Amino acid sequence: MPFEDIAVAVQIAFTYYTVIYLTGIGGLFSERSGIVNIGLEGLMVVGTVTGSFGTYYFSTKLGLGVPMGPILGLLFGMACGALFALVHALATITFRVDQIVSGVVINLVAIGLARFLSTLFFGQATQSDPGQPHLTPWDIPGLSSLPWGLGRAFSGLSPVVPVAFLVVIPVTFVLYRTRWGLRLRSAGENPEATRSLGVRVAPLRYVGVLLSGAFAGLSGAFLSVEVVYNWREGQTLGLGFIALAALILSNWNPKRLMWAAFLFGFAQAIPLRLADAPLIREIPDNFIRMTPYVVTIVVLAGFVGRVRPPAAAGRAYESAGGV
Amino acid sequence: MATVAAPVEKVRPPWVSNLGGQLFSVLLAFVVALFIGALIIIGYGENPLTVYGTLVRFAFKDVDSFGYVLQIATPLIFSALAIAVCFKGGLFNIGVEGQYLVGMLTASWAALTFDFLPGPLLMWTALLFAMLGGMIWAAIPAVLKVKTGAHEVVTTIMLNGIAVNLLGWALNGPLKYRQEGGQVAARTANFKDNALVPDLGHLFGMRESVHLSWLLPLGFVAAAIVWFVIRRMRLGYEARAVGSTPGSARAGGISVGAVQIKLFMLSGALAGLIGMQQLLADKGYLPVNFVSQLGFTGIAVAFLGQNNPVGIVAASVVWGVLSRGESALQLETDVPREFVIILQGILILSVMVIYQITRRRLARRQLQAAAVVEQVPEAA
């Protein structure tokens, strides 16, 4: 059943897509506002542990049961991600610390913070009890009954997966069709011009960075709550960096980010499901797993196509009058 | 206005005020971090002074304990030096992480392949290959930056991801340990004894389990070399010129690209040595669960040491004291051991913020001084 294997690989890819796309959208908001955020991985880590705790707390401790508990848990992970991103925002926007340094510190601190919170929440440092409540897996009507086993790709998906596909609509609308979106993008391209039009840059960038924390937090919470069903140390597996790679490949565009995230998600799924397929059998797993990074370097070096980051991303905005 | 007095010049050599200012800002950052940490400790119903006392006392309680501190500090010295070298030239080498992983890979390969080499020659070969591995991995972002303009931060992040997978592949493939009897394990075979870096701890009466090795003095030598290169050699001068104002450096006839590539090479060589503590002193083989993140920790330590070789050595020891204190917290207080990582994080954040604030104040003062000087001839 080669079709079925491919279908299952696609189904796994959907899960990876969700993680990469949500985190990537977070990075997009931040970088489009002019703040480079390489702390996405760390923000995800915080999302994993807090999302898992939120789910446990709301569904078991408060007895809210299944649909409500995990939903609140995911939102809790999202909120905690945003809260942790506030550190990056404060450091880079208010104190104008180097954005790369701050991002590295976010990643470093996140590992310790996650263990710290885990001992606080679960009484153990590196994982929570397995088998936590989660949302009921969902079959997409129509698509899940496709013949030749192809329907497998669309069945048993977490309800968060379709959300990660549909979120492109509001994101694109906000970024390209609202005044706020225009201002956010202008803050990332030319903050001096933004300021000269009477728009304050710092609040825009704050919201951009907080949104990056919220999306990365949601993505992390999705991993622990909806994929693994408990928190484990190191479960983000560097996907935050792959999201960063996808963001670059997409040229900071939310629609193209969908393709990039799915492509990289599929690359992650191949060793898990298609390892025995002809041709793929010959390539070691690790080489398939490193494709996202290689592709990104090739694109960055300008060998294939051209990408252009937001012009002011990475540069602290020096305001004249303290605004 | 012809009698405007020239600004009173303080007769202090610049390096004194510079060093004084740096020490002051680091100390201030320490105070801020310890204060925030104290609030967390109080939240746990403990006395901050007792907890901090326990942390420090534990590191110095006997010669073994301090040996562990230095063992933790050893790789951090190389790591922070690797970061600092690039930083002097305005480059951010996040890829130190990947470079040391590749360094461990090439060193393992060399130690297993050239095992016929006699005596300490094998160890030196392994160390050389560690540096070569780091340099190869650092050459990629350097050349890409100079030739295509690809930003080194992003390319090195990607190369880190590739390096992790490269090690995973090697440990399951070419370097996989095949014991007699067909058993396999995801690690390399044991290196020969003469591949290992000789122990230093026993000279001070430390017990076997402390792996304080000659790599620590090697770290001091590396720090001295970095100091010499940055302060006394042409490359150091050019690096500082490129780091502060690339445009002027280019106008002054410095080949910016060549300087950047040289800095990356030096950084990569240092990065290659980070993993040698665990490879050639702690373990004697490359395990699948090798210690990672040392490259990123090096960034924190470099900042704590203000990118100064002496400061970096001191900062590495301080970092070691804190990390060693984790066990003390677990044993003797109600504060969880993870508190130390939080404290280290707060410390780095406050160092960064205070460093930024003092630098800004310094720049403003220089600007004002320059403005005064400009006014004098006008008035005359």
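As the structure is a prediction and not an experimental result, all values here were calculated from the model.
Against chain A, the residues from residues 151-158 of chain B that qualify, each with a non-hydrogen atom under 4.5 angstrom away, are B/V153, B/V154, B/T155, B/I157, B/M158 in number order. Residues of residues 31-42 of chain B that come closer than 4.5 Å to chain A, counting heavy atoms only, are B/I40, ordered by residue number.
Only the side chain of A/I111 comes within contact range of chain B, with heavy atoms under 4.5 Å apart. With a threshold of 4.5 angstrom between heavy atoms, B/I348 approaches chain A through side-chain atoms but not through N, CA, C or O. Heavy-atom distances place no part of A/I242 under 4.5 Å from chain B, backbone and side chain included. Of the two parts of B/I94, only the side chain, counted from C-beta on, holds a non-hydrogen atom closer than 4.5 Å to a non-hydrogen atom of chain A. Looking at B/L166, the atoms closer than 4.5 Å to chain A (heavy atoms on both sides) sit in the backbone and in the side chain alike. The contact between B/F296 and chain A is made by backbone and side chain atoms together, counting heavy-atom distances below 4.5 Å. With a 4.5 Å cut-off on non-hydrogen atoms, A/I248 touches chain B through its side chain but not through its backbone. Interface remark: A/V294 contributes backbone and side-chain atoms alike to the contact with chain B (heavy atom separation under 4.5 Å).
Rounded to the nearest 0.5 Å, atoms CZ (A/F116) and CZ (B/F339) are 7.5 Å apart. Note: A/Y293 OH to B/N165 CG = 6.5 Å, rounded to the nearest 0.5 Å. Atom CE in B/M352 sits 8.5 Å away from atom CG in A/D98 (nearest 0.5 Å). Note that NE2 of A/H88 is 11.0 Å distant from CG of B/L349, once rounded to the nearest 0.5 Å. Rounding to the nearest 0.5 Å places CD1 of A/I288 at 14.0 Å from CH2 of B/W169. Atoms CD1 and CD1, on B/I140 and A/I297 in that order, are 7.0 Å from each other to the nearest 0.5 Å.
Ranked by heavy-atom pairs shorter than 4.5 Å toward chain B, the options A/G112, A/P284, A/A110 are led by A/G112. Of the listed residues (B/I299, B/I342, B/I341), the one with the most heavy-atom contacts under 4.5 Å to chain A is B/I342. Between chain B and the residues A/N286, A/V101, A/T296, the most heavy-atom pairs under 4.5 angstrom are made by A/N286.
Applying the side-chain contact (heavy atoms from CB on, under 4.5 Å) test between B/E338 and each of A/T119, A/L113, A/L120 identifies A/T119 as the sole match.
B/L144 and A/A301 make their closest contact through CD2-CB, 3.7 Å (heavy atoms, listed as atom of the first residue, atom of the second, distance). Between A/V109 and B/G345, the closest heavy-atom pair is CG2-CA, 3.4 Å.
At a threshold of 4.5 Å between non-hydrogen side-chain atoms, the residues A/V97 and B/V353 count as touching.
Counting heavy-atom neighbours within 6.0 Å of B/R187 CZ, excluding the residue itself, gives a total above 12.
Using modelled atom types, no side-chain atom of B/Q356 and backbone atom of A/F95 make a donor-acceptor pair closer than 3.5 Å.
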